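Taking it in order: structure first as structure tokens, then the write-up.
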Amino acid sequence: MLFDQPVAGRSTVSKFLGHRGRRARLEMSQVRALADDLTCATNRAGHAADLRHKTEERLSQTHHEDLLSLLRQPLTYAAQSIVLEHLPHAVQTEETARDLLAGLLAVDFRVTPRGDHSDPYAADLHTRRIARMVRWFFTWLVDPRTTKYQVPRLTKYLRSIASSDAPEDHHILQELLIDAEENRIPDLPRETWLAVTRALYEKAHAVQRH
């Protein structure tokens, strides 16, 4: 399941050590080729089962920094989902976890909008996908690992989500603030929550003026 990983804290990194093994870095041309293969592998119109299997095998051995590079590529919704499924398994050490957090904030990570808005089943899967992403990213990565150095970038990241009109960003904020269980709300720095509150206030007043 997407992001179906423990979210308790730092000690859970040890549970990923079964995936240990040096993952070779890719050239940028290889990252682009992998992104192209992912797109082809998720094309329902083609006979892509074998390609998808081979692509997932490659992803299971891909370095976390190359997974981040893949997320910078223009991926389809289905292709991004596959990359995200492999992201938690790339966390093999505490250093990797901190690296991954810094990398996701640096690329201003966003969830790719889903394509089919008419399918209620797809809409439900999308909602659950965002819920899992928020739980894994904010509770497991952000909460216990944000350093003072990263607070400004985290604050900017969440402020941009709070200011956004994109449905995906709205879902992230709703899951983070409203739908989450009380003990799942991450303990973020005061200045970050203040920036989120201001952004929501300014957006609400901008709507009222129009």
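Numbering of residues begins at 1 and proceeds along the displayed sequence. The structure presented is a predicted model; accordingly, all values stated were derived computationally and were not measured. Every heavy atom of this structure was used, including side-chain atoms; hydrogens, water molecules and symmetry mates were not.
- When the side chain to side chain contact (heavy atoms under 4.5 Å, CB included) test is applied to Ala102, the partners found at least two apart in sequence or on another chain are Gln150.
- Annotation: cation-pi geometry satisfied between Arg129 and Tyr77 (NZ/CZ under 6.0 angstrom from ring centroid, within 45° of ring axis).
- Scanning for side chain to side chain contact (heavy atoms under 4.5 Å, CB included) contacts around Ser163 gives Arg159, Ala199, with sequence neighbours left out.
- For the atom pair CG of Leu100 and CG of Leu87, the computed distance is 4.5 Å after rounding to the nearest 0.5 Å.
- Shown here are the side chain to side chain donor-acceptor pair (under 3.5 Å) partners of His171, two or more places apart in sequence or in another chain: there are none.
- Closest non-hydrogen pair, Leu68 versus Gly103, comes out as CD1-CA, 3.6 Å.
- Applying the salt bridge (Lys or Arg N to Asp or Glu O under 4.0 Å) rule to Asp66 yields the partners Arg25; only residues at least two apart in sequence or on another chain are considered.
- Take Arg153 and apply the salt bridge (Lys or Arg N to Asp or Glu O under 4.0 Å) test, not counting sequence neighbours, and it matches no residue.
- Under the rule for a side chain to side chain donor-acceptor pair (under 3.5 Å), Gln30 has no partner lying at least two apart in sequence or in another chain.
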Where do Val91 and Asp99 land on the side chain to side chain contact (heavy atoms under 4.5 Å, CB included) test, with the steps shown first? CA-CA 9 Å; Val91 180; Asp99 242 18; over 6 Å; no
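- Glu65 contributes atom CD, which lies 11.0 Å from atom CG of Leu26 (distance to the nearest 0.5 angstrom).
- Proximity of Leu200 to Leu177: side-chain heavy atoms (C-beta onward) are separated by under 4.5 Å at one or more points.
- The side chain to side chain contact (heavy atoms under 4.5 Å, CB included) search around Ser164 returns Ala166, Asp169, not counting sequence neighbours.
- Across Thr155 and Ala195, no two heavy atoms sit closer than the pair CG2-CB, 3.5 Å.
- With sequence neighbours left out, Gln174 forms a side chain to side chain donor-acceptor pair (under 3.5 Å) with His170, Asp179.
- Clustering ILVMFWY residues whenever any of their side-chain heavy atoms sit less than 4.5 angstrom apart, transitively, puts Leu188 in a cluster other than the one holding Tyr201.
- Closest non-hydrogen pair, Phe109 versus Tyr157, comes out as O-OH, 2.9 Å.
- Closest approach of Ala41 to Thr55, counting heavy atoms only: CB-OG1, 4.4 Å.
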Apply side chain to side chain contact (heavy atoms under 4.5 Å, CB included) to residues Thr139 and Val134 and explain how you reach the verdict. CA-CA 7 Å; Thr139 307; Val134 167; 6.0 Å; no
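- Of all heavy-atom pairs between Ser160 and Asp108, the closest is OG-OD1, 4.0 Å.
- The salt bridge (Lys or Arg N to Asp or Glu O under 4.0 Å) check on Asp143 picks up nothing, with sequence neighbours excluded.
- Tyr149 and Val151 fall into different hydrophobic clusters, where Ile, Leu, Val, Met, Phe, Trp and Tyr are joined by side-chain heavy atoms under 4.5 Å apart, directly or via other members.
- Heavy atoms of other residues, nucleotides or ligands lying less than 6.0 angstrom from CZ of Arg72 number more than 12.
- Among residues at least two apart or in separate chains, there is no salt bridge (Lys or Arg N to Asp or Glu O under 4.0 Å) pair with a member in residues 187-196.
- The pair Asp37-Arg58 counts as a salt bridge, with a side-chain nitrogen and a carboxylate oxygen less than 4.0 angstrom apart.
- Here Glu175 contributes atom CD and Arg135 contributes atom CZ; the two are 8.5 Å apart, rounded to the nearest 0.5 Å.
- Between Trp140 and Trp136, the two ring planes are parallel [angle under 30°; tilted spans 30° to 60°].
- Annotation: side chain to side chain contact (heavy atoms under 4.5 Å, CB included) contacts of Ser60 (sequence neighbours excluded): His86.
- Of the charged side-chain nitrogens involved, at least one lies within less than 4.0 Å of a carboxylate oxygen, so that Glu94 and Arg145 count as a salt-bridged pair.
- Neither Ile161 nor Leu194 shares a network with the other; the hydrophobic side chains, linked directly or stepwise wherever heavy atoms of I, L, V, M, F, W or Y lie under 4.5 Å apart, form separate groups for each.
- Minimum heavy-atom separation, Pro189 to Leu154: CD-CD2, 4.2 Å.
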Are Leu38 and Val83 close enough, and set up right, to give a side chain to side chain contact (heavy atoms under 4.5 Å, CB included), and what steps lead you there? CA-CA 9 Å; Leu38 273 168; Val83 177; 3.5 Å; yes
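- Applying the salt bridge (Lys or Arg N to Asp or Glu O under 4.0 Å) test to Lys156 and every residue at least two apart in sequence or in another chain returns nothing.
- At least one donor-acceptor pair closer than 3.5 Å links the side chain of Gln80 to the backbone N or O of Arg110.
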Apply the test side chain to side chain contact (heavy atoms under 4.5 Å, CB included) to residues Ile172 and Met133: give CA-CA distance (whole Å), side-chain angles for both, the deciding distance (0.1 Å), then the verdict. CA-CA 9 Å; Ile172 287 172; Met133 186 275 286; 3.5 Å; yes
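- Atom CG of Leu34 sits about 9.0 Å away from atom CG of Leu75, to the nearest 0.5 Å.
- With rounding to the nearest 0.5 angstrom, the CG atom of Leu67 is 8.5 Å from the OG atom of Ser69.
- Distance check, rounded to the nearest 0.5 Å: OG1 of Thr96 to CZ of Arg98 gives 9.0 Å.
- Proximity of Leu70 to Leu59: side-chain heavy atoms (C-beta onward) are separated by under 4.5 Å at one or more points.
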